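Just so it is clear: chains get the letters A, B, ... in the order the sequence lines come, proteins before strands, and each one is counted from 1. For the numbers below, each heavy atom of this structure counts, side chains included, while hydrogens, waters and symmetry mates do not. Not measured: the values here are computed from a predicted model.
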Protein chains: 2
Amino acid sequence: MSPQSTREIEPLITIYSGLSAAEAARLDALVSRRRLDPGAYLLHQHTPARSVFMIQEGMLMLERSSSTGRRQVMAFSHPGNYIGITHRAHYEFTVSALTAAVVQEIPLKPFLTMQDESPRLKENVRSIGGNILAHTLDQVFALGQKKAHERVCFLLRQLSERQAGASARRIELVMTRQDIADYLGLTIETVSRAFGKLKREGIIDIFSAHTVEILNMDTVEELALAD
Amino acid sequence: MSPQSTREIEPLITIYSGLSAAEAARLDALVSRRRLDPGAYLLHQHTPARSVFMIQEGMLMLERSSSTGRRQVMAFSHPGNYIGITHRAHYEFTVSALTAAVVQEIPLKPFLTMQDESPRLKENVRSIGGNILAHTLDQVFALGQKKAHERVCFLLRQLSERQAGASARRIELVMTRQDIADYLGLTIETVSRAFGKLKREGIIDIFSAHTVEILNMDTVEELALAD
DNA sequence: CGCCCTATTGAGACTTGTCAAGTCGGGTGG
DNA sequence: CCACCCGACTTGACAAGTCTCAATAGGGCG
């Protein structure tokens, strides 16, 4: 899939998509809910993967740190996103809550068993895994090919896309500049200057450090997809 | 999983791992072989995904191009690697042969059916998918956090790791400098200078543009993993 | 032997990182 | 209620890294 096509409106596949009422009920029986305070950790890199999670409310952040201390943010996760679906025996990254959040937890073992019995469920999981890989490939493309202000547009576009309906143009930046920098492979100063540049050029407006509005969506798109 | 852990010796999971003789035979019946000349395309981005491939001989390259012409190489694929396993309805990238190659082709539909009936096969596919995601996450980390010469070490380490047993220190660079540059998010000039720097520092030796030897594996490792 | 494609090397421009100073805003304590 | 404080963000000046453009070298093949 090309970087462009992320713009397709994905109807946000869930594991429930197309399941029978009976199957959905069985799945429901597995689910428990967990509430997270801002800053709280959901799980840690290298710990055994025992559950799959779906975000119900709030925003989470997936990150990876090297022994020498630098870190790479792998994703910002929204309601409807899944965590832990494609993993191996151990989690690939650390996950923490950027805001107060509620996640649904599904124990991995019965979830896998149920996949054996429901082709549709298995298919849904496969789709979600594909989406995660596609997202990661987009990120590789962005980090490999784009300049600072283009990477910022890449993020703005991702956030506006997934943000609840109405005013997708006004964006709440829940995360810190450091989080953004670590996501885009930049420094906070460069991120800050990139925002400044976009504002000077009239492409976005910055109300506060954590609220921006996209004035010219086409240009943002164009920069986000620029190679 | 941390960037470090890629160094674990993966016993190269295959879809056959742990299958019964009967299952293996059924799988064999699905497989056909396909020979590729150097430079030939195996499949194209955006075309419907109909098969899964395993490389038997040779080296392939996975790449993605944007409409504006720049491209990102997503991976160099060795014998034993799978292509198309985690995909969606359409292939995510274009795949071509860097050398003469032989691939095994498995039609997707019967392959998925068989997964429904063999939990072990499904588990193998899941593992392989996890490896692919892990590889991609490593790449994100490298592009986001590393300098040019560190990225080159990142590549050298990957190649030495997967290269047939004995002299993993001598590395054949089958691909062009442009391919390397597009994989690492650099220009060919910067790649060339990075090689030069590593050579001047006595970390590698360069016999020809396409043959290098790692003189100090520890340093290469260290640079490859540097954050 | 000569040609062509690829890779290397050099000089200068541009982008990003680093270090340091200054601003903004929310929260606390006087 | 206001002053202060602290963290987060912005801005500036400079250094370092990478890109661009251009010239040169090297290797394979006719």
Enquirer: Checking only heavy atoms, does the side chain of A:Glu189 share a donor-acceptor pair with the base of C:dC19 at less than 3.5 Å?
Expert: yes

Enquirer: Figure out the NZ/P separation between B:Lys199 and C:dA7, and round it to whole Å.
Expert: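 Value for this atom pair: 16 Å.
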
Enquirer: What is the distance, to the nearest angstrom, from the CD1 atom on A:Ile206 to the P atom on D:dC9?
Expert: 12 Å

Enquirer: Between A:Arg151 and B:Phe195, just flag the one whose closest nucleotide in DNA chain C comes earlier from the 5' side.
Expert: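 Whichever sits nearer the 5' end wins; that is B:Phe195.
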
Enquirer: Between atom CG in B:Asp179 and atom P in C:dC5, what is the gap in whole Å?
Expert: 17 Å

Enquirer: Figure out the NZ/C1' separation between A:Lys197 and C:dT15, and round it to whole Å.
Expert: 10 Å

Enquirer: Does the base of D:dC9 carry an N or O that pairs as donor and acceptor with the side chain of A:Gln178 under 3.5 Å?
Expert: no

Enquirer: With no angle test and no hydrogens, is the base of C:dT8 tied to the side chain of B:Arg200 by a donor-acceptor pair under 3.5 Å?
Expert: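 Answer is no: no donor-acceptor pair is held.
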
Enquirer: Can you tell me how far C1' of D:dG17 sits from CG of B:Leu143, to the nearest Å?
Expert: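 Checked: the CG to C1' distance equals 16 Å.
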
Enquirer: Figure out the CG/C1' separation between B:Leu184 and D:dC19, and round it to whole Å.
Expert: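 After rounding, the gap between these two atoms is 15 Å.
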
Enquirer: Between P on C:dC5 and CZ on B:Arg177, what's the gap in Å once rounded to a whole number?
Expert: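 My rounded result for the distance is 19 Å.
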
Enquirer: From C-beta outward on B:Leu186, which listed nucleotide comes closest to its side chain: C:dT8, D:dC19, C:dT16?
Expert: D:dC19

Enquirer: Report which part of the nucleic acid B:Ser208 touches: base, sugar-phosphate, or nothing (heavy-atom distance under 4.0 Å, all strands).
Expert: nothing

Enquirer: Let me see the working for A:Arg64 and A:Asp182 under salt bridge (charged side-chain N to carboxylate O under 4.0 Å, His left out), right down to the final yes or no.
Expert: CA-CA 10 Å; A:Arg64 228 175 160 180; A:Asp182 289 346; over 6 Å; no

Enquirer: Counting only heavy atoms from other residues, nucleotides and ligands, does the tally under 6.0 Å from OH of B:Tyr41 exceed 12?
Expert: no

Enquirer: Between A:Lys197 and A:Glu201, does any side-chain N to carboxylate O distance fall below 4.0 Å?
Expert: yes

Enquirer: What's A:His149 touching, base or sugar-phosphate or nothing? Going by heavy atoms closer than 4.0 Å.
Expert: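 No contact.
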
Enquirer: What pairs of residues pass the ring-ring contact (aromatic ring centres under 6.0 Å, His included) test when at least one of them lies in residues 180-215 of chain B, not counting sequence neighbours?
Expert: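 Sorted result for residues 180-215 of chain B: B:Phe76-B:Tyr183.
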
Enquirer: What residues form a side chain to side chain donor-acceptor pair (under 3.5 Å) with A:Thr190, not counting sequence neighbours?
Expert: A:Thr187

Enquirer: Any side-chain N or O of A:His210 below 4.0 angstrom from OP1/OP2 of D:dC9?
Expert: yes

Enquirer: Tell whether A:Arg193 reaches the base of D:dG12 with its side chain through a donor-acceptor pair below 3.5 angstrom.
Expert: yes

Enquirer: Check this one for me: any side-chain N or O of A:Thr187 less than 4.0 Å away from OP1 or OP2 of C:dG17?
Expert: yes

Enquirer: What's the closest nucleotide to the side chain of A:Lys147 if the choices are D:dG12, C:dT15, D:dT18?
Expert: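 My answer, after comparing the listed nucleotides, is C:dT15.
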
Enquirer: Quick one: B:Ile188 CD1 to D:dA22 C1', roughly how many Å, whole number?
Expert: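 It works out to 13 Å between those atoms.
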
Enquirer: Check whether any side-chain N or O of B:Ser192 sits under 4.0 Å from OP1 or OP2 of C:dA7, and answer yes or no.
Expert: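 It does not, given that no N or O in the side chain of B:Ser192 lies less than 4.0 Å from OP1 or OP2 of C:dA7.
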
